[in-house]
Number of protein chains: 2
Amino acid sequence: MSDRQERKISGLAVPRLSQYYRALLDSQSRKVISSEELSLLTGFSAAQIRRDLACFGQFGKPGLGYNVEDLKNALIQILGMDREWNVALVGVGNLGAALLGYKGFRRPGFRLVAAFDIDSQKVGQTVEGVPILHEDHLIEFVQKESVQLAVITVPAAAAQEVADLLVRAGIRALLNFAPLRLKVPDSVMVHNIDVAIELERLSFLASRMKNVNFS
Amino acid sequence: MSDRQERKISGLAVPRLSQYYRALLDSQSRKVISSEELSLLTGFSAAQIRRDLACFGQFGKPGLGYNVEDLKNALIQILGMDREWNVALVGVGNLGAALLGYKGFRRPGFRLVAAFDIDSQKVGQTVEGVPILHEDHLIEFVQKESVQLAVITVPAAAAQEVADLLVRAGIRALLNFAPLRLKVPDSVMVHNIDVAIELERLSFLASRMKNVNFS
DNA sequence: TAGATTGTTAATCGATTAACAATC
DNA sequence: TAGATTGTTAATCGATTAACAATC
């Protein structure tokens with residue numbers, strides 16, 4: 001909002017911003033909200049909330065708190081959701097097909113414009129309104145339709161190749177479900193969701209629930 | 001392995017241990033491996049690898065490195081995978097059904113013993129060899145079959161109720177895909193995978209790829 | 001004005017990296 | 001023995017918390 005220089009912000013803070021946003025959506029009936037009240041709703045400390053927000057501007061009024069509507073809009077802008085992102089999904093297997101139909105993936109601000117696969121049985125079909133195209137047309141489509149974000153749900157063996165295609169096409173950020181570390185240029189952001197590793201984390205936690213300091 | 005007192009380890013280190021394990025699986029042709037070589041394979045610094053491992057014992061030999069087979073077995077034990085975990089999945093919707101069929105979820109050490117739903121159309125069916133039971137039988141089943149881990153893939157509105165059931169049944173750890181913060185006793189571990197928040201993270205990253213220090 | 005709550009600075013805490021003595 | 005690499009200690013870096021002057 002303000003045009004003063006932004007402070008450095010840790011990547012760890014980003015999902016917290018999303019949680020603040022979510023809490024505000026649940027508080028639309030209120031006019032203002034304090035960091036202390038947001039703390040109760042999100043579980044993060046009031047000090048951390050104030051500090052996280054202060055990285056991006058001065059959104060609150062001392063003695064009063066934050067205007068819910070204004071802060072919500074500020075977070076939309078901070079999170080880059082004051083625009084529509086075109087999203088493509090690559091790999092229409094079990095997981096990919098499920099994500100196409102999953103409500104959590106159909107959110108305002110994100111337009112799932114196409115899915116890609118190499119299986120000619122799937123190509124040409126439509127899943128939940130999303131057309132499945134052949135991977136051969138990926139680069140062309142991504143460029144013509146200005147797709148900026150992509151979700152990779154192909155098997156591990158194919159994932160790097162798919163990532164390379166997406167990078168060549170000029171994608172900006174990737175959400176990778178394949179269980180491997182993708183090599184991409186610094187200019188492309190990657191975030192990984194690896195359910196195998198999450199299962200092992202559960203195993204670790206369940207087997208020794210002492211001496212762990214979680215963050 | 002050794003019985004000396006374990007050092008405190010950060011929760012942040014746990015997924016790294018999984019990555020070391022994965023790298024070792026890819027290095028089975030070798031007899032020994034150094035922290036420097038593991039660093040090349042995983043992208044984590046050699047110092048960090050040595051420190052992470054040293055939390056659990058002395059697995060290496062100065063001047064030589066780590067015996068691949070021994071370290072692999074040590075990590076299996078550290079991660080709690082030297083046993084079979086019985087896992088239940090609750091909520092056989094799009095995402096839940098996909099996970100039942102997803103290879104990344106069918107791993108040695110984890111036995112997916114049952115899925116639960118409230119939809120009588122689904123109850124009684126079998127998905128990828130996993131029987132779908134009614135949620136009314138959840139507590140009974142979890143206790144009788146010693147289910148220790150559970151995956152929650154129900155809609156957000158039902159998730160807390162499901163978590164309460166699982167806690168009452170004596171579950172040890174939860175992997176929660178529903179987009180909300182579950183309230184559970186300290187004795188139950190929860191880890192969240194929230195694809196909506198991950199999408200917003202992509203949006204954040206793609207819109208401002210400066211001033212971010214990732215970890 | 002008095003009370004409340006912000007934004008920010010200083011203090012604390014924790015995690016990562018650098019460096020090196022120990023040792024294979 | 002000489003070279004390599006561990007495990008660990010000390011130094012650095014970064015993130016969180018505490019505290020409070022500023023101010024609504």
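Lettering follows sequence order; numbering is per chain, from 1. If you're wondering where the values come from, they're calculated on a predicted model, not measured in any experiment.
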What's the [atom1]-[atom2] distance between [X] and [N], to the nearest Å?
X: Ile49(B); N: dT6(D); atom1: CD1; atom2: P; value: 9 Å
X: Leu64(B); N: dA22(C); atom1: CG; atom2: C1'; value: 14 Å
X: Ile33(A); N: dT6(C); atom1: CD1; atom2: P; value: 10 Å
X: Leu38(A); N: dT5(C); atom1: CG; atom2: C1'; value: 13 Å
X: Lys31(B); N: dC24(C); atom1: NZ; atom2: P; value: 17 Å
X: Arg50(B); N: dA15(C); atom1: CZ; atom2: P; value: 19 Å

If you compare all heavy atoms of [X] against all heavy atoms of [Y], which two are closest, and at what distance to 0.1 Å?
X: Phe105(B); Y: Leu199(A); value: O-CD1, 3.9 Å
X: Ala196(A); Y: Arg22(B); value: CB-NH2, 3.7 Å
X: Gly96(A); Y: Thr153(A); value: CA-OG1, 3.5 Å
X: Val188(B); Y: Val167(B); value: CG2-CG2, 4.2 Å

- Message: Which is more 5' along DNA chain D, the nucleotide nearest Gln48(A) or the one nearest Pro62(A)? Just name the residue.
- Response: Gln48(A)

Would one find a side-chain N or O of [X] under 4.0 angstrom from OP1 or OP2 of [N]?
X: Tyr66(A); N: dG7(C); answer: yes
X: Ser45(A); N: dT17(D); answer: yes
X: Ser35(B); N: dT6(D); answer: yes
X: Gln58(A); N: dT8(C); answer: yes

Nearest listed nucleotide, side chain of [X], among [options]:
X: Ala47(B); options: dT8(C), dT6(D), dT17(C); answer: dT17(C)
X: Arg16(A); options: dT16(D), dA18(C), dT16(C); answer: dT16(D)
X: Ser34(A); options: dT5(C), dT8(D), dT16(C); answer: dT5(C)
X: Ala54(B); options: dC24(C), dA18(D), dT8(D); answer: dT8(D)

- Task: Please check if any side-chain donor atom of Asp164(B) sits under 3.5 Å from a side-chain acceptor atom of Gln160(B), or the reverse.
- Result: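 There is such a pair (donor and acceptor under 3.5 Å, judged by atom type) between the side chains of Asp164(B) and Gln160(B).
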
- Message: Looking only at side-chain N and O atoms, does Gln19(A) offer a donor or acceptor that is under 3.5 Å from a partner on Thr42(A)?
- Response: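 Result is no, nothing qualifies.
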
- Message: Could you check whether Arg51(B) makes a cation-pi contact with Phe44(B), meaning its NZ or CZ is under 6.0 Å from the centre of the six-membered ring and within 45° of the ring axis?
- Response: no

Identify the pairs formed between an N or O of the protein and an N or O of nucleotides 10-13 of chain D at a distance under 3.5 Å, and give each distance.
none

- Task: State, with a plain yes or no, whether a side-chain heavy atom of Leu180(A) is found less than 4.5 Å away from one of Leu182(A).
- Result: yes

- Message: Which helical stems does DNA chain C take part in, if a stem means at least 3 consecutive Watson-Crick or G-U pairs with both distances below 3.5 Å?
- Response: C:3-24 with D:3-24

- Is any NZ, NE, NH1 or NH2 atom of the basic residue among Glu37(A) and Arg30(A) found under 4.0 Å from an Asp or Glu carboxylate oxygen of the other?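 Salt bridge flag = yes for Arg30(A) with Glu37(A).
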
